[in-house]
> 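Below is one structure. I have some questions about it.
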Number of protein chains: 2
Amino acid sequence: MKKNTTIKDIAKLAGVSIGTVDRVLHNRGRVSKKALDKVNQALKELEYTPNPIARSLRNNVVYTIHILIPDAKQDPYWEPCMKGVSELMDEFAAFDLNFSLHTFDPSKPKSFLGAGNKILGEDPDALLFVPLFGKESTQLQKELNDRNILSTTFNSPVWEHVHHHVGQDLFLSGRVGAKLVSNLIDKPCEIAIIHVEEAYNNAAHMQEKENGFRSYFEEQHTDFKILTLILGSKEIRNNFDATVKKHPHIEAYFITTSRTYEVANAIHKLGIKKPVIGYDLLPENVVCLHNDKVQFLIHQAPRQQAYLGLRSLVEKLLFNKELAKVELLPIDIINSENVKSYL
Amino acid sequence: MKKNTTIKDIAKLAGVSIGTVDRVLHNRGRVSKKALDKVNQALKELEYTPNPIARSLRNNVVYTIHILIPDAKQDPYWEPCMKGVSELMDEFAAFDLNFSLHTFDPSKPKSFLGAGNKILGEDPDALLFVPLFGKESTQLQKELNDRNILSTTFNSPVWEHVHHHVGQDLFLSGRVGAKLVSNLIDKPCEIAIIHVEEAYNNAAHMQEKENGFRSYFEEQHTDFKILTLILGSKEIRNNFDATVKKHPHIEAYFITTSRTYEVANAIHKLGIKKPVIGYDLLPENVVCLHNDKVQFLIHQAPRQQAYLGLRSLVEKLLFNKELAKVELLPIDIINSENVKSYL
DNA sequence: TAAAATTATGTTAACGTACACATTTTTTCT
DNA sequence: AGAAAAAATGTGTACGTTAACATAATTTTA
């Protein structure tokens, strides 16, 4: 029933003007010690919290927020990110926000750096980006930090200079995959981790997953043999029987990227029926789930990552909400049944 | 860079005063046809959207929001809901919102109805509640609708009179359980669905899950035998061997409630090692996950359900955000590894 | 046709915050 | 002491929306 206290209430209780209260609140000086004490006392007594709505109306500024993500045309994994971004834009359409969307070629670090520099040139208030390339991303992040530009990264692993990051624990993600595999096989046996090599290599990403995967089986103290294979897309499509011949005892496959369907289809074509576990809800992967060519997918929630990252930035700018350094999303396990509830 | 257009801009372009523009916007009459046309023209031309911040500052009202959920002391399942509720309260602490939390005894419909009536007597702006009891909930919901009180239900199944609901597709949830079971057994075999009978019986809940579960296996066209057992907590703890003796060929257990750990512990005590799949991340269940007494849990996300339900209400009141009739949350599959990322 | 009634339109104050500016009080210096 | 400088405090306005109120224009009525 009671309205929150305002700076007016504070002023009255402290016996000063709202101007003085305001100076205390933003400690911009020009306040006598006596007044300061009285105001602080009143502030404590009435448990004042500023009204974020009034504040943001007053501070009415047009913020410019840039978004830098890989081009979905070159890797459909990024499509949901676009969706997450536009979802957020719609949600905040009524605010004075200026969004500017940039994409880069995920196979070309230079493309990333070029877009990054262009954005810096436009004096942004905030930037959401995917730090796909270690060196270039560090460089960009440093510059952002130096120039005090708000930033959030997502999807790729966190590193030291990061200001705010939304993502998943990839090591744990690998362990989740391992546990799922262990549910589907008779132990001990031979298991393959397949890194699908792309035009670009998100090596840290894959490596973390592999480490997690291996750590799980090491803890089991049973005699598993875990192979790591690095294969190109073409190799998988046209020449997978060579791999199978070379390693005839593989009992399960763990694919560390969204290219899961390529492996699943390749082994299916060879008439092999072994568990396949992989990543991401690409339409091709979902089809494999329904065909039982893939038993489980691990969902990296790219839409949510982009949405939440952007949302954090917006709420920081508009309402001065605090940013946690790292926001870790849950690691979702998907099968043919619950997939529907995630789309 | 450009600020959103304001009602002032519209007024200038239309050659009228802001008062007239406002009257047009809220069509409260007293506007000549000529002025109306000019304003509508300007409105379209400048793509006006009202500034929600200014609006809610102006409309500055203290809203009273009530929350009615089962007492967590009597069923720990509801603990996360409390957490979700207080999380939201913190988040919106700076707004003029008055939250009022009520609990009821989940074994006593009268307790629900009593609390409901008390809330109605306090003339609330909105109510979030768990419609645990069909008849009583319908009655409450009708009254809310008649009196035009904003309301959201969560957790229990949706029914016709509902205004806004947050929950999961329980039929699908049963299917998810079935699929997980099918990954862990050699078919065909005998499977038990166990409904743990409580002081109260959320029958519709359990039945939906059972239906989903059975529908999956029916589609498989293989000879599964699916038993349905309704057992009391005490029966499970002290007398489970009788059940096992009666049904010696059960190869997997699907438990439809958060009491999963009771069954898991009971069969473990009897030295049986068969797959157990159940519901909810109660600490006892999580322990079972780590002990491998339970292979998978299905997460009903009570914290998120409460949080999202309440958030929808708050955003409707404060910012006039639209409410979808039903919000279905994803059905999360939990194993010993990813559980950490959900807590 | 002039007064009264009706309808259309404009003006202004408020929501709570923030800050520029004006005013008052205190301190410093000659 | 008295002027000047510095410090402290108060006042007013704007952010965009809303609605009560005031005023102006038009229509109705006697």
Side-chain angles (χ1 to χ4, degrees), chain A residues 2-40 42-43 46-63 92-97 317-321, chain B residues 2-40 42-43 46-63 92-97 317-321:
Chain A
K2 228 174 43 217
K3 276 187 204 263
N4 282 343
T5 59
T6 73
I7 100 179
K8 230 178 187 164
D9 301 323
I10 302 297
K12 207 196 294 179
L13 181 62
V16 296
S17 73
I18 61 168
T20 303
V21 175
D22 184 69
R23 273 182 291 266
V24 172
L25 282 172
H26 299 85
N27 42 272
R28 45 190 172 91
R30 322 239 116 189
V31 177
S32 67
K33 190 159 181 309
K34 214 172 76 186
L36 185 118
D37 290 344
K38 277 191 298 181
V39 171
N40 275 330
L43 243 26
L46 298 182
E47 288 181 337
Y48 172 80
T49 45
N51 179 330
I53 289 192
R55 177 170 280 180
S56 78
L57 179 62
R58 161 65 220 221
N59 282 343
N60 177 43
V61 183
V62 181
Y63 291 107
F92 286 89
F95 295 84
D96 276 336
L97 297 172
L317 290 173
L318 290 180
F319 309 121
N320 202 29
K321 254 204 199 164
Chain B
K2 226 172 43 218
K3 276 187 204 260
N4 283 343
T5 60
T6 73
I7 148 176
K8 229 177 185 168
D9 300 323
I10 302 296
K12 208 196 295 179
L13 181 62
V16 296
S17 74
I18 60 168
T20 303
V21 175
D22 185 68
R23 274 183 291 265
V24 172
L25 282 172
H26 299 86
N27 44 268
R28 43 189 174 93
R30 324 238 113 190
V31 178
S32 67
K33 188 154 183 314
K34 217 171 75 185
L36 186 117
D37 290 343
K38 278 191 296 179
V39 170
N40 275 329
L43 243 26
L46 298 183
E47 289 180 336
Y48 171 80
T49 46
N51 179 330
I53 289 193
R55 174 172 285 178
S56 76
L57 178 62
R58 161 67 217 222
N59 282 344
N60 177 42
V61 183
V62 181
Y63 291 107
F92 286 90
F95 294 84
D96 276 336
L97 297 172
L317 290 174
L318 290 180
F319 309 121
N320 201 29
K321 253 203 202 166

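Below, read A as the first sequence line, B as the second, and so on, with proteins coming before strands; counting in each chain starts at 1. Note that this is a predicted model, so its numbers are computed, not measured.
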> How do A:L36 and B:L57 order along DNA chain D: which one's closest nucleotide is nearer the 5' end?
A:L36

> Calculate the interatomic distance between A:F95 atom CZ and D:dC15 atom P; express it in whole Å.
18 Å

> Report yes if a side-chain nitrogen or oxygen of A:T20 is closer than 4.0 Å to either non-bridging phosphate oxygen (OP1 or OP2) of D:dA8; otherwise report no.
no

> Heavy atoms from C-beta onward define the side chain here; which of D:dG16, C:dG16, D:dT9 lies closest to that of A:N60?
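Nearest to the side chain of A:N60 among the choices is D:dG16.
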
> Is B:K33 close enough to C:dA8 that one of its side-chain N or O atoms is under 4.0 Å from OP1 or OP2 there?
no

> On the nucleotide C:dT17, are OP1 or OP2 found under 4.0 Å from the side-chain N or O atoms that A:S56 carries?
no

> Atom CG in B:L46, atom CG in B:N4: separation rounded to 0.5 Å?
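The distance works out to 11.0 Å.
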
> Between atom CG of B:L317 and atom CZ of B:F95, what is the distance when rounded to the nearest 0.5 Å?
12.0 Å

> Are OP1 or OP2 of D:dT9 and a side-chain N or O of A:K34 less than 4.0 angstrom apart?
no

> Return the value, rounded to whole Å, for the distance between atom NZ of B:K38 and atom P of C:dA8.
14 Å

> Nearest 0.5 Å please: distance from the CD1 atom of A:I18 over to the CZ atom of A:R23.
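Rounded to the nearest 0.5 Å, the CD1-CZ separation comes out at 10.0 Å.
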
> Sort out for me which residue in B:L25, B:I10, B:V31, B:L36 forms a side-chain contact (heavy atoms from CB on, under 4.5 Å) with B:T20.
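Of all the options given, the one that passes is B:V31.
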
> For A:D96 and A:V61, indicate whether the former's side chain and the latter's backbone hold a donor-acceptor pair under 3.5 Å.
no

> Round to the nearest Å and state the distance from B:N4 atom CG to D:dG16 atom C1'.
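Result: 11 Å.
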
> From CG of A:L318 over to P of D:dG16, roughly how many Å is that when rounded to an integer?
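My rounded result for the distance is 14 Å.
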
> To the nearest Å, give me how far apart CZ (A:R30) and C1' (C:dT27) are.
13 Å

> In this structure, how many angstroms lie between the C1' atom of C:dT17 and the CD1 atom of A:I53, rounded?
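These atoms are roughly 12 Å apart.
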
> Anything under 3.5 Å between a protein N or O and an N or O of nucleotides 18-25 of chain D, put it in a table, one pair a line.
unit_1	atom_1	unit_2	atom_2	d
D:dT18	OP1	B:H26	NE2	3.4
D:dT18	OP1	B:R55	NE	2.4
D:dT18	OP1	B:R55	NH2	3.0
D:dT18	OP2	B:H26	NE2	3.2
D:dT18	O2	B:R58	NH1	2.1
D:dA19	N7	B:R28	NH2	3.3

> Taking atom NZ of A:K321 as the centre, report whether more than 12 heavy atoms of other residues, nucleotides or ligands fall under 6.0 Å from it.
yes

> Can you tell me if B:S17 touches the phosphate of C:dG10, counting only side-chain N or O atoms and a distance under 4.0 Å to OP1 or OP2?
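Looking at the OP1 and OP2 atoms of C:dG10, one of them is under 4.0 Å from a side-chain N or O of B:S17.
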
> Between the opening five pairs and the closing five pairs of the helix from C:dT1-D:dA30 to C:dT30-D:dA1, how far apart are the helix axes, to 10°?
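So the angle between the two local helix axes works out to 70°.
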
> Could you state the CG-C1' distance from A:N320 to C:dT17, rounded to the nearest angstrom?
14 Å

> Output the rounded distance in Å from CD1 (A:I10) to P (C:dA18).
13 Å

> Does a side-chain heavy-atom distance below 4.5 Å link B:L43 with B:V39?
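Counting from C-beta outward, B:L43 and B:V39 do come under 4.5 Å.
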
> Is there a donor-acceptor pair closer than 3.5 Å between any side-chain N or O of B:D9 and the backbone N or O of B:T6?
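Looks like yes, one N/O pair under 3.5 Å.
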
> Cut-off 3.5 Å, no hydrogens considered: what does the side-chain donor-acceptor table look like for residues 47-59 of chain B, sequence neighbours left out?
unit_1	atom_1	unit_2	atom_2	d
B:N51	OD1	B:I53	N	2.8
B:N51	OD1	B:A54	N	3.2
B:S56	OG	B:P52	O	3.4

> Kindly give the heavy-atom pair with the smallest separation between A:A35 and A:V16, and that separation in Å.
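Here A:A35 and A:V16 meet closest at CB-CG1, 4.4 Å.
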
